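In this text the structure is predicted, and so the values were computed from the model without any measurement.
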Amino acid sequence: RKWSKVVQRLHQLTSEECRHSLCYQSRGGYTIMHQAALSAGREVIEILLSLPGGQKSLSFRTIKDLKGAPRKLLPVDLAKELRKDKQTLKMLTPSESEEKTKD
């Protein structure tokens, strides 16, 4: 239910606003895609990836892990820690060109 409202809101934004929203990082470095990796299903992740900025958001790294320890984690790293299925991990894996731009 929470994710349907998030997706609905993102669809109402302009491309630039959507890109900004998907790439916005909290103080800990988390993006919407990090949150989706933690709590959303594959269907929501698919929708987020199809939006402007979705692919780019895969390459943002956190500053801290969920316990506050300094760790640089991609959304796929969080999904691995939660033992998400292989298809979800594949979806969350950034392309090599995107990953190089954010390191």
Side-chain angles (χ1 to χ4, degrees):
R1 190 162 170 97
K2 168 191 164 191
W3 283 106
S4 63
K5 288 184 179 186
V6 170
V7 169
Q8 183 181 23
R9 175 69 179 125
L10 288 169
H11 277 295
Q12 294 170 349
L13 300 175
T14 66
S15 290
E16 188 59 34
E17 291 169 332
C18 188
R19 192 175 295 108
H20 176 75
S21 294
L22 286 173
C23 296
Y24 172 79
Q25 290 184 280
S26 68
R27 284 186 180 182
Y30 288 80
T31 63
I32 290 176
M33 196 62 74
H34 285 94
Q35 296 301 325
L38 290 169
S39 65
R42 228 183 356 246
E43 300 80 24
V44 170
I45 294 169
E46 246 175 38
I47 293 167
L48 294 177
L49 288 171
S50 72
L51 296 171
Q55 293 293 324
K56 185 177 181 179
S57 70
L58 294 175
S59 60
F60 284 80
R61 296 180 184 274
T62 63
I63 298 166
K64 303 175 189 177
D65 66 16
L66 293 172
K67 295 178 182 175
R71 286 179 70 199
K72 295 183 176 186
L73 301 170
L74 296 168
V76 69
D77 298 327
L78 295 171
K80 284 177 186 175
E81 288 185 6
L82 292 175
R83 297 191 170 131
K84 297 270 184 160
D85 62 89
K86 288 181 182 180
Q87 191 173 354
T88 301
L89 296 178
K90 185 176 180 178
M91 289 170 59
L92 289 168
T93 301
S95 68
E96 286 185 36
S97 60
E98 286 291 346
E99 197 167 4
K100 286 179 184 173
T101 61
K102 296 305 297 173
D103 277 342

> Rounded to the nearest 0.5 Å, how far does CG of Asp77 lie from OG1 of Thr93?
Replying inline: 9.0 Å

> Atom OG1 in Thr31, atom NZ in Lys56: separation rounded to 0.5 Å?
Replying inline: 12.0 Å

> Going by heavy atoms in the side chains, are Arg9 and Gln12 under 4.5 Å from each other?
Replying inline: yes

> With hydrophobic residues grouped by side-chain heavy-atom distances under 4.5 Å, do Leu89 and Leu74 end up in a single group?
Replying inline: yes

>> Donor-acceptor check, side chain of Thr62 to backbone of Asp65, threshold 3.5 angstrom: yes or no?
In response: no

>> Starting from Tyr24, can I reach Leu22 by hopping between I/L/V/M/F/W/Y residues whose side chains sit under 4.5 Å apart?
In response: no

>> Testing the basics here: between Pro52 and Ser15, what is the closest heavy-atom pair and its distance to 0.1 Å?
In response: CB-O, 3.7 Å

> Step by step, would you call Ser21 with Leu10 a side chain to side chain contact (heavy atoms under 4.5 Å, CB included)?
Replying inline: CA-CA 8 Å; Ser21 294; Leu10 288 169; 3.8 Å; yes

> Do Leu82 and Leu66 sit in the same hydrophobic cluster, where Ile, Leu, Val, Met, Phe, Trp and Tyr count as joined when their side-chain heavy atoms come under 4.5 Å apart?
Replying inline: yes

>> Ring-plane angle category for His34 and Tyr30, please: parallel below 30°, perpendicular beyond 60°, tilted otherwise.
In response: perpendicular

> Taking all non-hydrogen atoms of both residues, which atom of Gly53 and which atom of Cys23 are closest, and how far apart?
Replying inline: O-SG, 3.8 Å

> Is any side-chain heavy atom of Leu92 closer than 4.5 Å to a side-chain heavy atom of Leu58?
Replying inline: yes

> Of all heavy-atom pairs between Pro75 and Ala37, which one has the smallest distance, and what is that distance?
Replying inline: O-CB, 3.3 Å

> Just how far is it from atom NZ of Lys72 to atom NZ of Lys64, taken to the nearest 0.5 Å?
Replying inline: 14.0 Å

Let me have the donor-acceptor pairs involving side chains of residues 38-51, under 3.5 Å, with sequence neighbours excluded, atom names and distances please.
from  : atom 1 : to    : atom 2 : distance (Å)
Ser39 : OG     : Trp3  : NE1    : 3.2
Ser39 : OG     : Gln35 : O      : 3.1
Arg42 : NH1    : Asp85 : OD1    : 2.6
Arg42 : NH1    : Asp85 : OD2    : 3.2
Ser50 : OG     : Ile47 : O      : 2.6

